[in-house]
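Chain A is the first sequence line, chain B the second, and so forth, proteins listed ahead of strands; every chain is numbered from 1.
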There are 2 protein chains.
Amino acid sequence: MQDRMERLLDKLREQGHRITPQRIAVLRVLLESRDHPSVEDIFEKVKVNFPTTSLATVYKTISVLKELGELLELEFSNDHNRYDGNKPYPHPHLICTRCKKIVDPELGGLTDITRELVSDTGYKILSHRLEFYGICPECQERR
Amino acid sequence: MQDRMERLLDKLREQGHRITPQRIAVLRVLLESRDHPSVEDIFEKVKVNFPTTSLATVYKTISVLKELGELLELEFSNDHNRYDGNKPYPHPHLICTRCKKIVDPELGGLTDITRELVSDTGYKILSHRLEFYGICPECQERR
DNA sequence: TTATCTGCAAAATGTTTGCATGCAC
DNA sequence: GTGCATGCAAACATTTTGCAGATAA
């Protein structure tokens, strides 16, 4: 993980971006989180160490990381977007619609399905999104 | 398809909703569309026959149909949501990121994967979302 | 030194809501 | 006649943008 941080900092520098304390703080939160935080979540955690950090800066840092392909964005129109800085490539997600928890299930990929799709449709597939919505065991217990 | 319209009208009535010309117009557009229209798209088409219809009414009708489980909503945080009134249950979508076209590919379902997921995680799976993003053949031609 | 970044506030976007009037039943 | 629906405009929530001052390189 420390490796990844170094690699990210190098990549930022290479692309002409500056390394600021705020960016390091955002990166740290992203790499430490396994729970697919929202921008607001990231902001709150960053503020613990950098009380003056603004939401706009978090948004801007996220935008840079997306451009570099180092951050996966899970879009929701009715809710905050959520982010995965650890596995910044498409992979399945399992989302509890009650507590909003998002986890990465161990699941075989979509390689075969994608190959079939390409030969059937002629599309050039660049990415995908696979999400399962349900109720997690904890929330099932709760009521 | 006429059947579906009748069925929808019956269901609306049964649930205590009123059948207004605006609602019929929105339903008609939804059932006639195969291209997963946005609210704005629906609004434009409805206005041809009902120039006084408001966007709010389209939104409210859509909200009712979602509640009844008769409309599938594809959420996008950066773009208009898109709707499928013909197949209001989860199914795969193939999305051209250049022209924003959305089509329904013929693809085996996720039944096996879902079953595996349930026994692995204990989640109660209620729904899913599977989308492939790429460039359609027409857009590949275009440049 | 200087171009990029920050942080504030304002703008933009898509969707929802409140309310007076209208209309389905 | 009653109560739900409409249509307008205002409100909302999230994200983006503009800009003056601060700062990394």
Peer 1: Measure the distance from CG on L12(A) to P on dA25(D) and round it to the nearest whole Å.
Peer 2: 10 Å
Peer 1: Find the distance N81(B):CG to dG14(C):C1' and express it as a whole number of Å.
Peer 2: 8 Å
Peer 1: dT13(C) P sits how many Å from F43(B) CZ, rounded?
Peer 2: 17 Å
Peer 1: Would you call D35(A)-K101(A) a salt bridge at under 4.0 Å N-O?
Peer 2: no
Peer 1: Assign I19(B) to base, sugar-phosphate, or nothing according to its heavy-atom contacts below 4.0 angstrom with the strands shown.
Peer 2: sugar-phosphate
Peer 1: Remember a base hit wins even if backbone is also touched, and classify T52(B) as base, sugar-phosphate or nothing at under 4.0 Å, heavy atoms.
Peer 2: sugar-phosphate
Peer 1: Without decimals, in angstroms, what is the distance between E73(B) CD and dG14(C) P?
Peer 2: 14 Å
Peer 1: For D104(B) and H36(B), which I'm curious about, is there any donor-acceptor pair between the side chains at under 3.5 Å?
Peer 2: yes
Peer 1: Picking from dT6(C), dG7(D), dT17(D), which would you name as closest to the side chain of A56(A)?
Peer 2: dT17(D)
Peer 1: So, OP1 or OP2 of dG7(C): does either fall under 4.0 Å of a side-chain N or O from Q22(A)?
Peer 2: yes
Peer 1: Side chain of K60(A), base of dG18(D): donor and acceptor closer than 3.5 Å?
Peer 2: yes
Peer 1: Rounded to the Å, how far apart are I24(A) CD1 and dT6(C) P?
Peer 2: 11 Å
Peer 1: Taking atom P of dG14(C) as reference, at what distance in whole Å does atom NE2 of H80(A) sit?
Peer 2: 19 Å
Peer 1: Pick base, sugar-phosphate or nothing for T53(A), based on heavy-atom distances below 4.0 Å to the nucleic acid.
Peer 2: sugar-phosphate
Peer 1: Measure from the side-chain N and O atoms of S33(B) to the backbone N and O of L30(B), and report whether any donor-acceptor pair falls under 3.5 Å.
Peer 2: no
Peer 1: So, for P105(B) and L94(B), which heavy atoms are closest and what is the spacing to 0.1 Å?
Peer 2: CD-N, 3.9 Å
Peer 1: Would you tell me if any nitrogen or oxygen in the side chain of T20(A) comes within less than 4.0 Å of OP1 or OP2 on dC5(C)?
Peer 2: no
Peer 1: If each of V39(B) and R13(B) is mapped to the nucleotide of DNA chain C with the nearest heavy atom, which maps nearer the 5' terminus, i.e. the 5' end?
Peer 2: V39(B)
Peer 1: How would you label the contact of E40(A) with the nucleic acid (heavy atoms, under 4.0 Å): base, sugar-phosphate, or nothing?
Peer 2: nothing
Peer 1: What nucleotide among dA24(C), dC5(C), dT15(C) has an atom nearest to a side-chain atom of Y59(B)?
Peer 2: dT15(C)
Peer 1: Can you tell which of dA24(D), dT6(C), dT15(D) lies closest to the side chain of P21(A)?
Peer 2: dA24(D)
Peer 1: Report the residue (R23(B) or S77(B)) whose heavy-atom-nearest nucleotide on DNA chain D is the more 5′ of the two.
Peer 2: R23(B)
Peer 1: Closest approach to the side chain of S54(A), judged atom by atom: which nucleotide of dC5(C), dG7(C), dG14(C) is it?
Peer 2: dG7(C)
Peer 1: Check the distance between dT15(D)'s P and N78(B)'s CG and give it to me in whole angstrom.
Peer 2: 9 Å
Peer 1: Using a cut-off of strictly less than 4.0 Å, decide whether H17(A) has a side-chain nitrogen or oxygen near OP1 or OP2 of dC5(C).
Peer 2: yes
Peer 1: For R18(A) and dT1(C), what is the distance between atoms CZ and P respectively, to the nearest whole Å?
Peer 2: 15 Å
Peer 1: Does R129(B) make a cation-pi contact with Y89(B), if we ask for NZ or CZ under 6.0 Å from the ring centre and within 45° of the axis?
Peer 2: no
Peer 1: Do T57(B) and S54(B) get their side chains close enough for a donor-acceptor pair, meaning under 3.5 Å?
Peer 2: yes
